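Accompanying notes for the structure given below.
In what follows, chains carry the letters A, B, and so on, assigned in the order in which the sequence lines appear, proteins first and then strands, with residues in each chain numbered from 1. All values reported here derive from a predicted model rather than from experimental measurement.
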Number of protein chains: 2
Amino acid sequence: MIADPVGRSARAGEIVAAARLLLEREGPEALTMRRLGEELGIRAPSLYKHLASKKAVEVALIEEAFREIGAALHAALQGRDNPVDATRTLLATYRRFSLARPNLYRLATAGRLPRGDLTPGLEEWVGEPFHLVTGEPHLAQALWSFAHGMVILEIDGRYPENSELDQTWETGAAAFAGLVGARR
Amino acid sequence: MIADPVGRSARAGEIVAAARLLLEREGPEALTMRRLGEELGIRAPSLYKHLASKKAVEVALIEEAFREIGAALHAALQGRDNPVDATRTLLATYRRFSLARPNLYRLATAGRLPRGDLTPGLEEWVGEPFHLVTGEPHLAQALWSFAHGMVILEIDGRYPENSELDQTWETGAAAFAGLVGARR
DNA sequence: CAGGGTGGCTAACAGCGTTAGCCATAAGTC
DNA sequence: GACTTATGGCTAACGCTGTTAGCCACCCTG
């Protein structure tokens, strides 16, 4: 498990919570310091008494996103030892949780990541279920890449409107399940 | 094939070319209107005599990116009728061409796309090779999602440093090649 | 009751995309 | 050849962004 205490004040926690609401409700371009202050009945410069920068707010949100998705993935694998079933469950959970917080997911995964700012080991912990399911690092990485590609393209509205994404997920799952099953 | 004449003036073409250089050389945050003007020995407002907005510049760049990658993918499939070989070739070409222009690729594929602003049919044409190779729309979409996921995560530096991405690509290719081969 | 930290505030700066309005030069027309 | 118009520069400025400086009121502690 990944330790939680992030060492920020209670007020900072409120700010991050408000930021999350704002981000999910109105999208990334609404997440400005002035707008965020407004949401809390405060002026933008006052935010800097609690958080060092806008980037710090974003990093906190990214942490939240990773913790939640990681927890969901780990939980989804509980008691599933058939690797093919586990693969399908893992993909379904990944899709559902990502699409439930699209703006947060995009923030967490798009663009270059400030690696040093994140809790060490957090990313690896999120990726762990893929390794548990596949039992092999390259297959795990390929499976995660597929899942991320599917999610981010769906979030960004990149598929044609008449796409049957359920079946695309199913096809991808089948492709990987073939290898996952073959390994055991 | 996709028609080329975009109906912009010669000067506009120079601006877009300069924008591309600037983007690839110094990254997305360097692509500002003032910086772009500077590059051409001109003030930022003058750019608006040739292009309607910064977004128009970006759309022009996205068009370029799609045309080039699409042409590369189509060319790569010439004379390849073994679907498994074709799949590997397609993935290799996709990877190579995307990583050769990482900032352009990210601009073209990240975030919500101004669909209406792009040449109609362009996106479909870029995706065509995936359909040619797989012979099935869902498999094509899954394969493209895998390729995009791999590329964008590599561009954004999201893989652990010690990752053996060649092998990850190979593993993904094998997963899909299994289905591609089985269909014929 | 004094001192210091906490958490607000206003004013301001630099940089962003963009618009308005001015002007010199080039091109086309009578 | 003169007149007109279109082209493509320019400066100034607006409203937005993240952020800093400096001020001040409150509250907790000694």
Worksheet item: Roughly how many Å is it from CD in Glu38(B) to P in dG9(D), rounded to a whole number?
Response: 16 Å
Discussion item. Please evaluate residues Glu170(A) and His138(B) with respect to the criterion side chain to side chain donor-acceptor pair (under 3.5 Å), reporting the C-alpha separation (whole Å), side-chain torsions for both, the decisive distance (0.1 Å), and the verdict.
Written reply: CA-CA 9 Å; Glu170(A) 174 52 34; His138(B) 304 114; over 6 Å; no
Worksheet, complete the sentence: For Glu124(A), the side chain to side chain donor-acceptor pair (under 3.5 Å) test, sequence neighbours excluded, returns none
Worksheet item: Would Arg25(B) and Asn103(B) count as a side chain to side chain contact (heavy atoms under 4.5 Å, CB included) if you check the C-alpha gap in whole Å, the side-chain angles of each, and the deciding distance to 0.1 Å?
Response: CA-CA 9 Å; Arg25(B) 214 188 320 123; Asn103(B) 287 311; over 6 Å; no
Worksheet item: Do Glu14(B) and Arg11(B) sit within salt-bridge range, that is, some charged N less than 4.0 Å from a carboxylate O?
Response: yes
Worksheet item: Rounded to whole angstrom units, what separation is found between the CD1 atom of Ile42(A) and the C1' atom of dG8(C)?
Response: 7 Å
Practice prompt. Look at Glu64(B) together with Arg67(B) and state whether they make a salt bridge at an N to O cut-off of under 4.0 Å.
Written response: no
Worksheet entry | Min side-chain heavy-atom separation Glu24(A)-Pro102(A) under 4.5 Å | yes
Practice prompt. Ignoring backbone atoms, test whether His50(A) places a side-chain nitrogen or oxygen under 4.0 Å from the OP1 or OP2 oxygen of dG8(C).
Written response: yes
Item to complete: Mark up nucleotides 17-28 of chain D, 5' to 3', with B wherever a protein heavy atom is under 4.0 angstrom from a base atom, S wherever such an atom reaches only the sugar-phosphate, and - elsewhere.
Response: BBBBB-------
Discussion item. What is the distance, to the nearest angstrom, from the CG atom on Leu47(B) to the P atom on dT18(C)?
Written reply: 10 Å
Fill in: Test applied, ring-ring contact (aromatic ring centres under 6.0 Å, His included); reference residue, His74(B); option that passes from Phe97(B), Phe66(B), Trp125(B)
Trp125(B)
Discussion item. If the cut-off is 4.0 Å, is Arg11(B) near the phosphate of dG8(D), judged by side-chain N/O to OP1 or OP2?
Written reply: no
Practice prompt. Just report the end-to-end axis angle for the helix from dC1(C)-dG30(D) to dC30(C)-dG1(D), five pairs per end, to 10 degrees.
Written response: 10°
Worksheet item: At under 4.0 Å, does any side-chain N or O of Ser46(B) touch on OP1 or OP2 of dC10(D)?
Response: yes
Practice prompt. Flag yes if Tyr94(B) and Leu99(B) sit in one hydrophobic cluster, no otherwise; membership is Ile, Leu, Val, Met, Phe, Trp, Tyr, and two members link when side-chain heavy atoms are under 4.5 Å apart.
Written response: yes
